[in-house]
Number of protein chains: 2
Amino acid sequence: MSELSERSGTPVPTIKYYQREGMLPPGEPVGTTRTRYDGTHVARLRLIRALVDVAGLSLDQVRGVLAVIDDETTDRTAAIASAHRLLSPPPNEPPSEEARRRVTRLMDGRSWLGAREEAHALSLAAAIDRLERSGQPLPDSALEEYADAATEIAEVDLAALGGELRDAPDATTYVVLGTLLVDPVLVALRRMAQEDLARRSRGEADS
Amino acid sequence: MSELSERSGTPVPTIKYYQREGMLPPGEPVGTTRTRYDGTHVARLRLIRALVDVAGLSLDQVRGVLAVIDDETTDRTAAIASAHRLLSPPPNEPPSEEARRRVTRLMDGRSWLGAREEAHALSLAAAIDRLERSGQPLPDSALEEYADAATEIAEVDLAALGGELRDAPDATTYVVLGTLLVDPVLVALRRMAQEDLARRSRGEADS
């Protein structure tokens, strides 16, 4: 277990806690004092850590995502979609009618497949409301341009998933983890590009 | 103060705490029992809430951002850049040499103005390391495509800042708040576009 702890970067007491909670399958006993853990244990721990540390999910929410991943009766693509949906916990307060209408209009305009009134669509409506309340309403033109960029990003995301991978047993873990861990990459790149543009508009030249 | 609490969505005890900590300027006394607060108090409270709730900054980090905003000796663009930089707290562990080299190469390739070894660049290197450790290394081609999309996003961000605004006294607040509050918009749009593409690749048609 100390080796598992090292390979996954998770303290031993935390690993024991996840096992007690049924989030991490037990290892295979080898003799009386040793237990064998394999790559699936390491992958599972990394997934839990990313869900907690990067996505900021509560342990209950993590349990929901793991249950979907472990449910072998659903097909892979459906499992990916459900796990994904659990990453957008419902907003604290219901978004306004107006914001929800804007999101529906955006999705209809792009013929986007996907539920109009749940998960990501609700998160988006809530984020639009928050901008509105902060005194910085997001115009439709900016929303459309952000949606264009998001589509390009999603195309890169999905290209990383070759055809073979899509049916691999750990495809759901792969997609969920990839989605979460790429978020900070995109946040950092946006800030870097902003800084570059801001400095240029201020008249700084390459040095 | 109860009115300020209502307009900013912040509980009264929290407002009092921010005042004691010097994060929120006092209101103007009107008579002996009333105090007048204005739009700058509401804006300040919204900024603090966004820094805490959306960006997940600690109160110490929030204090740093506010100090930069309040420092009238720096010019606006420099203030925006510094406040921005404080939004990327240094990663918990220093990123690997290899990841830092990749970030430098990316920035050099695009002639991006901005420090190579601090703030956002370090956050990006740390995010690249995390993907590597999770067993899902990010190829250079994907990194470049994400950087293209991030540039488009930053252009939309900066277009929202007209020339007049750039020198307005609350320009820094505006930029910092806008940057933070748009992050969840982009996260939701990415998930929505992913879901659309995944469903299409699975053969689902418009309904």
Side-chain angles (χ1 to χ4, degrees), chain A residues 43 46 50 77 80-81 84 87-88 107 111-114 120-121 123-124 127-128 130-131 134-136 138 142 145-158 160 174 177-179 181-202 204 206, chain B residues 43 46 50 77 80-81 84 87-88 107 111-114 120-121 123-124 127-128 130-131 134-136 138 142 145-158 160 174 177-179 181-202 204 206:
Chain A
R46 282 175 179 154
T77 323
I80 291 171
H84 232 154
L87 299 179
S88 282
M107 295 183 79
S111 310
W112 267 357
L113 298 175
H120 314 311
S123 299
L124 176 58
I128 289 173
R130 235 179 288 130
L131 277 158
S134 82
Q136 305 193 31
L138 186 67
E145 288 178 285
Y146 286 142
D148 288 342
T151 304
E152 281 168 46
I153 289 168
E155 277 161 7
V156 181
D157 295 333
L158 269 82
Y174 191 96
L177 203 48
T179 299
L181 294 181
V182 167
D183 279 338
V185 169
L186 296 169
V187 166
L189 285 170
R190 177 178 173 226
R191 306 275 196 281
M192 290 160 73
Q194 281 182 342
E195 181 163 3
D196 174 63
L197 291 171
R199 285 182 178 227
R200 281 180 199 281
S201 79
R202 193 184 166 194
E204 283 184 44
D206 300 59
Chain B
R46 282 176 181 155
T77 323
I80 291 171
H84 232 155
L87 298 179
S88 281
M107 295 182 78
S111 308
W112 268 358
L113 298 175
H120 314 311
S123 297
L124 176 58
I128 289 173
R130 235 180 286 130
L131 277 158
S134 81
Q136 306 194 31
L138 186 67
E145 288 178 286
Y146 286 141
D148 288 342
T151 305
E152 283 169 46
I153 289 168
E155 278 161 6
V156 182
D157 295 334
L158 270 82
Y174 190 97
L177 203 49
T179 299
L181 294 182
V182 167
D183 278 338
V185 168
L186 297 169
V187 165
L189 285 170
R190 177 177 172 227
R191 306 276 195 280
M192 289 160 73
Q194 281 182 342
E195 181 163 2
D196 174 63
L197 291 172
R199 285 180 178 230
R200 281 179 199 283
S201 79
R202 194 185 167 195
E204 284 184 42
D206 302 57

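In the text below, chain A, chain B and the rest are named by the order of the sequence lines, each starting its count at 1.
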> Are the side chains of B:L186 and A:L186 in touch, meaning some heavy atoms are under 4.5 Å apart?
Replying inline: no
> Taking the side chain as C-beta and beyond, is there a heavy-atom pair between A:P184 and B:R130 under 4.5 Å?
Replying inline: yes
> Side chains of A:D183 and B:R190: does their closest heavy-atom pair fall under 4.5 Å?
Replying inline: yes
>> Please give me the minimum heavy-atom distance between B:M192 and A:W112, naming the atom from each residue.
In response: CB-CZ3, 3.8 Å
>> Heavy-atom pairs under 4.5 Å with chain B: which of A:D196, A:I153, A:L177 has the most?
In response: A:D196
>> Tell me which of these, B:R46, B:Q194, B:E195, B:E155, has more heavy-atom pairs under 4.5 Å with chain A than the rest.
In response: B:Q194
> Among B:D148, B:I128, B:L131, which residue forms the greatest number of heavy-atom pairs with chain A at distances under 4.5 Å?
Replying inline: B:L131
>> I need the minimum non-hydrogen distance between B:A150 and A:L189, along with the two atoms involved.
In response: CB-CB, 3.6 Å
> Looking only at heavy atoms, what is the nearest atom pair of B:A188 and A:H120, with distance?
Replying inline: CB-O, 3.8 Å
>> As an exercise: rank A:T179, A:L197, A:V182 by heavy-atom pairs under 4.5 Å with chain B and give me the winner.
In response: A:T179
>> For a side-chain contact (heavy atoms from CB on, under 4.5 Å) check, start with the C-alpha distance between B:Q136 and A:L181, then their side-chain angles and the critical distance, and finish with the verdict.
In response: CA-CA 9 Å; B:Q136 306 194 31; A:L181 294 181; 6.0 Å; no
> Looking at B:L138, B:V187, B:L124, which has the largest count of heavy-atom pairs under 4.5 Å with chain A?
Replying inline: B:L124
>> Does any backbone or side-chain atom of A:E152 lie under 4.5 Å from a heavy atom of chain B? Answer side chain, backbone, both or neither.
In response: side chain
> Can you name the closest pair of heavy atoms from B:A193 and A:T151 and give their distance?
Replying inline: CB-CA, 3.9 Å
>> Show the nearest heavy-atom pair for residues B:A127 and A:V185, with the distance to one decimal.
In response: CB-CG2, 3.6 Å
